[in-house]
Amino acid sequence: MKIALLSPIAWRTPPRHYGPWERVVSLLCEGLVEKGVDVTLFATGDSQTAGKLEYVSKRSYEEDDSLDPKVWEALHIAHFFEQAEEYDLIHNHFDFLPLTYSRLVDTPMVTTIHGFSSQQILPVYKEYSDRSYYVSISDADRDPQLPYLATVYHGIDLESFEFAPERGDYLLYFGRIHPDKGTCEAIEIARRFQMRLVIAGIIQDEEYYREQVAPELDQQRVVYVGHVGPERRNLMLGGAYALLHPINFAEPFGLSVVESMACGTPVVAFDKGSMPEVIRDQETGFLVKGIDQAVEALGKIPELDRGACRRWVENRFSRERMVNDYLDVYKMILEKEKPGMRYANTPWGRWEVLLDAPDHKVKRITVNPGKRLSYQKHFKRQEHWFMVSGQALVTLDGEGIPLTAGQSVDIPQEAAHRMANPGETPLIFIETQTGSYFGEDDIVRLEDDYGRK
Ligand SMILES: O=P(O)(O)OC[C@H]1O[C@@H](O)[C@@H](O)[C@@H](O)[C@@H]1O
């Protein structure tokens with residue numbers, strides 16, 4: 001399976017600090033590579049992956065002012081689509097814009113919708129819902145007007161989040177400084193509960209920070225530590241009494257909430273968006289309706305088992321689980337697309353459709369040296385194979401037939417047949433199918449070197 005992953009280029013993949021979409025793409029990419037999937041990551045040039053990397057923009061535009069986001073995003077997406085035919089499936093993590101290119105290629109496409117920045121982007125998702133499969137990142141984030149193939153929760157790399165069994169003595173706010181995330185609400189909750197609050201995260205809304213957050217900072221009861229890197233993040237999350245997540249929007253997924261629970265720290269969150277799917281109420285935290293309830297819930301934190309928080313994440317939000325879920329999604333899509341596929345990279349080589357007419361179909365088939373196709377039958381078509389280059393050994397109803405360039409063979413309907421390349425160079429032949437149906441699902445495999453059914 002050859003997969004292309006399209007990451008945003010706002011940040012590096014994986015991000016140096018902030019960049020949740022890029023982080024998820026990176027975790028997925030590396031997890032797929034570990035499972036032996038042939039993955040190409042389309043991201044910034046300074047991105048890191050054990051898979052293959054493709055890029056046009058050397059750096060991310062958030063980290064390099066000389067890059068105009070619009071220009072580099074356009075080049076990045078075009079670069080991805082210009083190579084789409086190389087892959088069996090393309091996986092878009094770049095929001096709505098790539099969808100507008102999707103009808104220009106034949107490659108099956110899946111889009112993970114990482115959240116709707118506004119209702120105004122819906123027309124694009126609606127327009128291309130017949131062209132791309134959609135995956136939601138929580139059930140709460142599904143728009144009723146769109147069809148979805150699956151919900152795949154994000155996973156985290158559990159090894160980079162250490163479990164801290166002891167409860168700490170400060171409250172933590174961990175996220176962008178933005179009204180959506182409820183920085184001011186967190187300050188108010190901490191003030192009323194009379195516990196120190198540590199605020200960590202990038203300032204996304206400067207005015208909000210300057211006017212509403214900064215005046216509350218006293219470097220004692222309310223402390224802002226800026227963005228924190230992985231090591232400090234671990235200590236900070238694990239050492240807290242609870243994480244405060246008083247969001248003012250329907251958050252599609254809360255990575256910091258999951259990371260906190262992975263370290264054993266329960267979360268008090270406003271009951272919005274995906275929070276009921278991410279937090280197990282009364283067990284790994286509390287879902288509350290406002291500031292009063294949040295303060296009250298904080299009093300009950302000692303009743304929660306920090307080990308249960310960690311286990312919840314291990315079971316539900318591991319990288320492993322996310323990677324397996326996406327592999328299932330890919331397999332589901334390739335199965336659905338099978339009858340109409342235009343090309344495929346197979347374990348033995350590749351085929352591509354040159355012509356697809358109602359009563360015949362022509363394919364160019366390449367078999368790699370030493371490889372062979374499955375031993376198989378068709379019930380709705382016969383085939384004519386014309387050798388273009390390389391050495392061929394055809395098996396037809398048990399009989400071996402060697403062929404070279406310029407020679408051909410006819411495969412009658414229902415005959416058991418197989419093509420093998422005993423040579424040292426690729427074998428190329430042209431196949432003409434005639435009959436009543438030419439879908440890739442009219443193949444009954446009798447035997448296969450690659451264990452396919
Ligand atoms: O089952 P595998 O080995 O992938 O072979 C599949 C191929 O078999 C050949 O005999 C032809 O029918 C091709 O049109 C088909 O794509």
Side-chain angles (χ1 to χ4, degrees), residues 1-3 36-38 84-89 105-108 327 330-423 425-453:
M1 200 190 304
K2 275 184 90 178
I3 305 286
V37 180
D38 184 339
E85 305 260 316
E86 300 282 316
Y87 303 94
D88 297 315
L89 191 140
V105 301
D106 288 319
T107 318
L327 273 175
Y330 298 163
K331 284 182 195 147
M332 227 185 320
I333 293 174
L334 292 178
E335 202 50 47
K336 277 173 184 273
E337 296 282 316
K338 219 173 180 181
M341 272 179 353
R342 304 286 309 173
Y343 63 87
N345 295 296
T346 63
W348 43 261
R350 177 181 168 91
W351 56 257
E352 52 212 291
V353 174
L354 304 178
L355 193 150
D356 194 359
D359 58 353
H360 68 291
K361 185 170 185 170
V362 181
K363 270 179 168 180
R364 179 181 195 263
I365 299 179
T366 306
V367 188
N368 292 331
K371 304 283 183 194
R372 57 182 187 171
L373 279 65
S374 65
Y375 193 43
Q376 53 174 274
K377 284 184 179 189
H378 310 292
F379 288 88
K380 295 177 183 152
R381 69 182 190 234
Q382 48 269 338
E383 296 172 339
H384 176 78
W385 288 350
F386 178 82
M387 303 309 124
V388 174
S389 60
Q391 271 179 274
L393 179 60
V394 176
T395 307
L396 186 57
D397 281 331
E399 188 198 337
I401 311 169
L403 296 174
T404 51
Q407 297 182 310
S408 60
V409 65
D410 285 303
I411 313 287
Q413 197 167 302
E414 291 188 41
H417 62 283
R418 158 177 265 165
M419 174 64 93
N421 177 359
T425 55
L427 158 68
I428 298 176
F429 66 101
I430 302 293
E431 169 181 282
T432 306
Q433 304 174 5
T434 50
S436 55
Y437 177 74
F438 311 113
E440 209 55 24
D441 44 351
D442 176 27
I443 297 177
V444 175
R445 292 192 179 119
L446 307 170
E447 208 234 318
D448 184 43
D449 290 352
Y450 313 100
R452 296 167 303 166
K453 291 278 169 294

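Just follow the structure's listing: the first ligand is 1, and inside any ligand the first atom is 1.
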How far is [atom] from its nearest protein heavy atom, and which residue and atom is that?
{"atom": "atom 15 (C) of ligand 1", "value": "Glu440 OE2, 3.3 Å"}
{"atom": "atom 9 (C) of ligand 1", "value": "Leu373 CD2, 3.6 Å"}
{"atom": "atom 8 (O) of ligand 1", "value": "Gln376 NE2, 2.9 Å"}
{"atom": "atom 12 (O) of ligand 1", "value": "Glu383 OE2, 2.6 Å"}

Tell me, do [X] and [Y] make a side-chain contact under 4.5 Å, heavy atoms counted?
{"X": "Thr434", "Y": "Arg381", "result": "no"}
{"X": "Arg445", "Y": "Tyr450", "result": "no"}
{"X": "Pro412", "Y": "Leu396", "result": "yes"}
{"X": "Lys377", "Y": "Leu446", "result": "yes"}
{"X": "Tyr343", "Y": "Thr107", "result": "yes"}
{"X": "Val409", "Y": "Met419", "result": "no"}

- prompt: Would one find an N or O of Trp385, backbone or side chain, under 3.5 Å from an N or O of ligand 1?
  reply: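 It does not: no N or O of Trp385 is found under 3.5 Å from an N or O of ligand 1.
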
- prompt: Between Thr346 and ligand 1, does any nitrogen or oxygen pair lie at a separation below 3.5 Å?
  reply: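 No; the residue has no nitrogen or oxygen that sits under 3.5 Å from a nitrogen or oxygen of the ligand.
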
- prompt: Taking the six-membered ring for Trp, are His417 and His378 parallel (under 30°), tilted (30 to 60°) or perpendicular (over 60°)?
  reply: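 His417 vs His378 ring planes: tilted.
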
field: Within-shell test, Trp348 vs ligand 1, heavy atom, strictly < 4.0 Å
entry: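 Per 4.0 Å heavy-atom rule, Trp348 contacts ligand 1.
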
- prompt: Heavy-atom contact under 4.0 Å between Arg372 and ligand 1?
  reply: no

Which atoms of ligand 1 are found less than 4.0 Å from any heavy atom of [X]?
{"X": "Lys363", "value": "13 (C), 14 (O), 15 (C), 16 (O)"}
{"X": "His378", "value": "10 (O), 12 (O)"}
{"X": "Gln433", "value": "14 (O)"}
{"X": "Arg445", "value": "1 (O), 2 (P), 4 (O)"}
{"X": "His417", "value": "10 (O)"}
{"X": "Ser374", "value": "1 (O), 2 (P), 3 (O)"}

- request: Would you mind telling me if ligand 1 is within reach of the side chain of Ile443, the backbone, both or neither, using heavy atoms under 4.0 Å?
  value: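 The side chain, only.
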
- prompt: Which one holds for Arg350 and ligand 1: side chain close, backbone close, both close, or neither close, with close meaning a heavy atom under 4.0 Å?
  reply: neither

Please set out all donor-acceptor pairs under 3.5 angstrom arising from side-chain atoms of residues 351-369, sequence neighbours excluded.
from: Lys361; atom 1: NZ; to: Phe438; atom 2: O; distance (Å): 3.1
from: Lys363; atom 1: NZ; to: Glu440; atom 2: OE1; distance (Å): 2.9

field: The one among Met419, Arg452, Glu431, Arg418 that brings a heavy atom closest to atom 11 (C) of ligand 1
entry: Glu431

Only pairs under 3.5 Å count here: list side-chain donor-acceptor contacts from residues 330-341, not counting sequence neighbours, and write none if there are none.
from: Tyr330; atom 1: OH; to: His91; atom 2: ND1; distance (Å): 2.6
from: Glu337; atom 1: OE2; to: Tyr133; atom 2: OH; distance (Å): 2.7

field: Rounded distance (nearest 0.5 Å) linking atom CZ of Phe386 with atom CD of Gln407
entry: 9.5 Å

message: Would you compute the distance between atom CD of Gln413 and atom CG of Asp442 and round it to the nearest 0.5 angstrom?
response: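 Rounded to the nearest 0.5 Å, the CD-CG separation comes out at 8.0 Å.
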
